[in-house]
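Sequence positions, counted from 1, serve as the residue numbers for this chain. Just so you know, these numbers come straight off a predicted model, no measurement behind them. Every number for a ligand or one of its atoms is a count from 1 in the order of the listing.
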Amino acid sequence: MQKLTTRQRTVAAPISFSGYGVHSGQPVTLTIKPAAADSGISISRELGDGRVTLPVPVHFSRVTRTTLCTTIDLGDSVSAATVEHVMSALSGMGVDNALITLDGSECPILDGSARPFAEAILQVGLEIQPAQRKFLKVIRAVTVRNNDAFAALEPYNGRALDLEIDFDSKVIGRQRMIFDWTPRRYFEDVSRARTFGFVRDAKILRQAGYALGSSLDNSITVDNDRILNPNGLRYEDEFVRHKLLDAIGDLALGGLPIWGRFRSYKGGHALNAHVLSGLFSSEANYEIVSAENLPLEFDAFEDQPAGLAVNHYLRSVR
Ligand SMILES: [Zn+2]
């Protein structure tokens, strides 16, 4: 069994999600399709006139903006916005290869978390591919700063994230989470955390044409020291967990899973993108290592076949 965890995976069958873009407010369908070994995660768009753009890797070198969400350039003035939650689910659930297709300009926000993606991936199951997994092993620490905020990638014999946030709101305040990645922990402890926003920002964002699809159904909404969602929070520290979910999605844009430790204080999409480009700025910072040569933690969850066992598991964690 242990050996299986060193092999690449793709989704066993296509899975589709229909919803609205959180910024555009427009309806959109996103499909995750199986892809060949060593192809990584790529994305293409159906343009509505029968044209489909060529798939491009969802890679940090194609990021055009990181304000509020992460947007990828698909060429010919076509882009795909808000890729971070679906990328987080793919990376968090251990999917190495997949093709994402979109029939609109922005990925659907669904419930504001990565759980619908993660749950569908778990339900359809993963196909184990012949090729060995590869990791981006951090050899030399890279730190990027913006005032007192920072993001760092450091050598570490595992896959860990240590993330802290500090907001001037009594319901958030200072929260820290240390996370050692396995797909099971991602599914249970991270994937359900929803995005969040402040009432004081909402009006300005909407006037600027953002957050048009944002609602209490897909965002935790904070009004100074109060949470407006009638059912409250999914985790007591849901805010830092969502930031961790975002960081996992942003780091997936490195093209390979990272073997090392990510640390961040008051970070976000922009710092996450900068620390990745910092890592790639010198070949002395990293090396590409086959999974056979790493002490990958065994996670039985990864080797669950789709079907009964998974459905039973899903019922037990709901
Ligand atoms: Zn997010």
Side-chain angles (χ1 to χ4, degrees), residues 17 19-25 28 30 32 41 43 58 60 63-72 79-93 100 102 105-119 121 149 151 161 163-167 169 171-172 175-177 179 181 186-187 189-199 201-202 205 210-222 227 229 233-235 237-254 262 264-276:
F17 308 85
Y20 291 83
V22 69
H23 292 303
S24 65
V28 62
L30 177 152
I32 301 173
I41 309 296
I43 189 164
V58 188
F60 77 94
V63 170
T64 53
R65 18 176 327 158
T66 50
T67 34
L68 305 172
C69 68
T70 300
T71 299
I72 299 288
S79 62
T82 321
V83 297
E84 58 268 19
H85 296 171
V86 64
M87 287 303 288
S88 179
L90 289 166
S91 175
M93 297 302 287
I100 301 168
L102 270 184
S105 61
E106 187 182 11
C107 298
I109 190 67
L110 306 176
D111 71 348
S113 78
R115 177 54 80 102
F117 297 121
E119 192 166 310
I121 291 166
L161 295 100
L163 194 144
E164 189 168 8
I165 58 173
D166 194 355
F167 281 86
S169 159
V171 293
I172 308 179
Q175 298 183 358
R176 182 180 182 191
M177 187 171 181
F179 180 73
W181 178 82
Y186 175 82
F187 187 80
D189 300 338
V190 179
S191 74
R192 286 182 77 227
R194 292 161 297 170
T195 190
F196 57 94
F198 295 89
V199 171
D201 301 331
L205 284 175
Y210 295 105
L212 301 175
S214 172
S215 77
L216 291 177
D217 293 331
N218 56 38
S219 299
I220 308 169
T221 307
V222 182
I227 291 164
N229 305 63
L233 297 176
R234 292 178 172 180
Y235 306 97
D237 55 353
E238 190 169 351
F239 303 96
V240 71
R241 288 174 196 248
H242 187 80
K243 285 289 191 177
L244 206 125
L245 182 159
D246 278 342
I248 290 170
D250 289 339
L251 294 176
L253 271 56
F262 170 78
S264 136
Y265 175 66
K266 290 187 177 179
H269 298 305
L271 274 179
N272 297 345
H274 286 150
V275 78
L276 261 189

Has the side chain of Arg234 got a donor or acceptor atom that lies under 3.5 Å from a matching backbone atom of Arg192?
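Present.
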
Donor-acceptor pair, side chain of Ser219 and main chain of Thr221, under 3.5 angstrom:
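Between the backbone of Thr221 and the side chain of Ser219 there is no qualifying donor-acceptor contact (under 3.5 Å).
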
Apply the test side-chain hydrogen bond (donor to acceptor under 3.5 Å, both in side chains) to residues Ser113 and Arg194: give CA-CA distance (whole Å), side-chain angles for both, the deciding distance (0.1 Å), then the verdict.
CA-CA 4 Å; Ser113 78; Arg194 292 161 297 170; over 6 Å; no

Those residues that, when tested against Phe198, pass ring-ring contact (aromatic ring centres under 6.0 Å, His included) (two or more places apart)
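So Phe198 forms a ring-ring contact (aromatic ring centres under 6.0 Å, His included) with Phe167.
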
Between Asn272 and Ser264, do the side chains contain a donor N or O and an acceptor N or O under 3.5 Å apart?
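Note: Ser264 and Asn272 side chains miss the donor-acceptor criterion.
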
Take the Zn ion (ligand 1) as the centre and count protein N, O or S atoms at distances under 2.8 Å.
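Counting protein N, O and S atoms closer than 2.8 Å to the Zn ion (ligand 1) gives 4.
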
Contact summary for Ala114 and His85, nearest pair of heavy atoms:
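It is CB-O, 3.7 Å.
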
